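Notes follow the structure.
Since this is a predicted model, take the numbers as computed values, not measurements. Starting from 1, each residue takes its place in the sequence as its number.
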Amino acid sequence: MASESKSTEKKERLPFEPRQNKRKTPKIAPSPVPPPIKNRSEETSLKAIPQVVSQRMAKRMAVFCGLPTALGITSFFGFYWIISHDLLEIPSYVAMLVSLSLFGLGFIGLSYGIFSASWDEDRVGDWLGWQEFQANFGRTIAAWRSGKKEVEEK
């Protein structure tokens with residue numbers, strides 16, 4: 001049963017997620033011989049976000065940030081055009097609130113674009129990405145908490 005939980009734990013962990021070592025490593029006296037040089041490409045491939053995942057994140061960020069930001073810019077000029085041609089009497093604070101709200105939505109869309117993308121290379125996920133958002137945000141919170149505990153222990 002213990003081997004099943006370890007195998008499922010390894011399957012759930014993504015290749016670029018940091019390993020969580022709960023136990024402290026004993027201090028080793030410095031050796032006079034330097035350790036062998038590791039292949040840099042292997043080392044960076046474990047820490048870097050895979051190309052497929054980063055492209056997926058970029059596409060989602062472009063949609064969830066770009067669309068509201070473009071609408072914010074368009075609404076600003078649209079309100080200017082409506083007011084300057086005396087088509088409607090719109091208070092200036094309404095134009096400001098609508099534009100700023102759309103810019104704020106674009107700012108939130110940056111984070112949502114990252115978290116809603118599937119961090120698994122083999123799985124694309126759905127178009128909205130709500131399940132991926134919940135899973136990835138949960139992973140991030142768990143990593144923050146474990147990092148906080150490690151800092152408190154030191």
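Leu97 and Leu88 fall within the same hydrophobic cluster, defined by Ile, Leu, Val, Met, Phe, Trp and Tyr side-chain heavy atoms under 4.5 Å apart, directly or through other members. Residues Val63 and Met61 do not share a hydrophobic cluster, defined by chaining ILVMFWY side chains whose heavy atoms lie under 4.5 Å apart. The hydrophobic clustering, which links ILVMFWY residues whose side-chain heavy atoms are closer than 4.5 Å, places Phe77 and Phe103 together. Leu100 and Phe107 are not part of a single hydrophobic cluster, where members link through side-chain heavy atoms under 4.5 Å apart. Both Tyr93 and Leu102 are members of a single hydrophobic cluster when ILVMFWY side chains are connected at heavy-atom separations under 4.5 Å.
Considering every non-hydrogen atom in both Ser118 and Gly125, the closest pair reads CB-N, 4.5 Å. The two residues Ser75 and Ser99 make their nearest non-hydrogen contact at OG-OG, 3.2 Å. Between Trp127 and Arg60 the shortest heavy-atom distance is O-NH1, 3.2 Å. The nearest pair of heavy atoms linking Ser116 to Leu128 is CB-O, 3.9 Å. Pairing each heavy atom of Ile90 with each of Ile83, the nearest pair is O-CD1, 3.6 Å. The heavy-atom pair separating Ile49 from Ser54 by the smallest distance is CG2-N, 3.9 Å.
Listed for the Trp119 side chain is a donor-acceptor partner under 3.5 Å among the backbone atoms of Ile114. Proximity of a side-chain donor or acceptor of Asn136 to a complementary backbone N or O of Ala117 within less than 3.5 Å is detected.
For Glu89, the CD atom sits in a loose shell: 12 or fewer heavy atoms of surrounding residues, nucleotides or ligands are nearer than 6.0 Å. Other residues, nucleotides and ligands contribute more than 12 heavy atoms inside 6.0 Å of the CD atom of Gln134.
Between Trp81 and His85, the ring-plane angle classifies as tilted under the 30° and 60° cut-offs. Ring geometry for Phe115 versus Phe137: interplanar angle over 60°, hence perpendicular rather than tilted (30 to 60°).
Residue Leu110 holds its CG atom at 12.5 Å from CE of Met57, rounded to the nearest 0.5 Å. Considering CG of Leu87 and CZ of Phe79, their distance stands at 12.5 Å, rounded to 0.5 Å.
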Report task. Please report the C-alpha distance between Val151 and Lys148 in whole Å, then the side-chain angles of each, then the deciding distance to 0.1 Å, and finally whether the side-chain contact (heavy atoms from CB on, under 4.5 Å) criterion is met. Result -> CA-CA 5 Å; Val151 170; Lys148 186 177 179 182; 5.8 Å; no

Requested in this report: Take Arg123 and Glu132, measure what side-chain contact (heavy atoms from CB on, under 4.5 Å) needs, and give me the verdict at the end.
Outcome: CA-CA 10 Å; Arg123 203 169 71 91; Glu132 288 81 10; 3.4 Å; yes

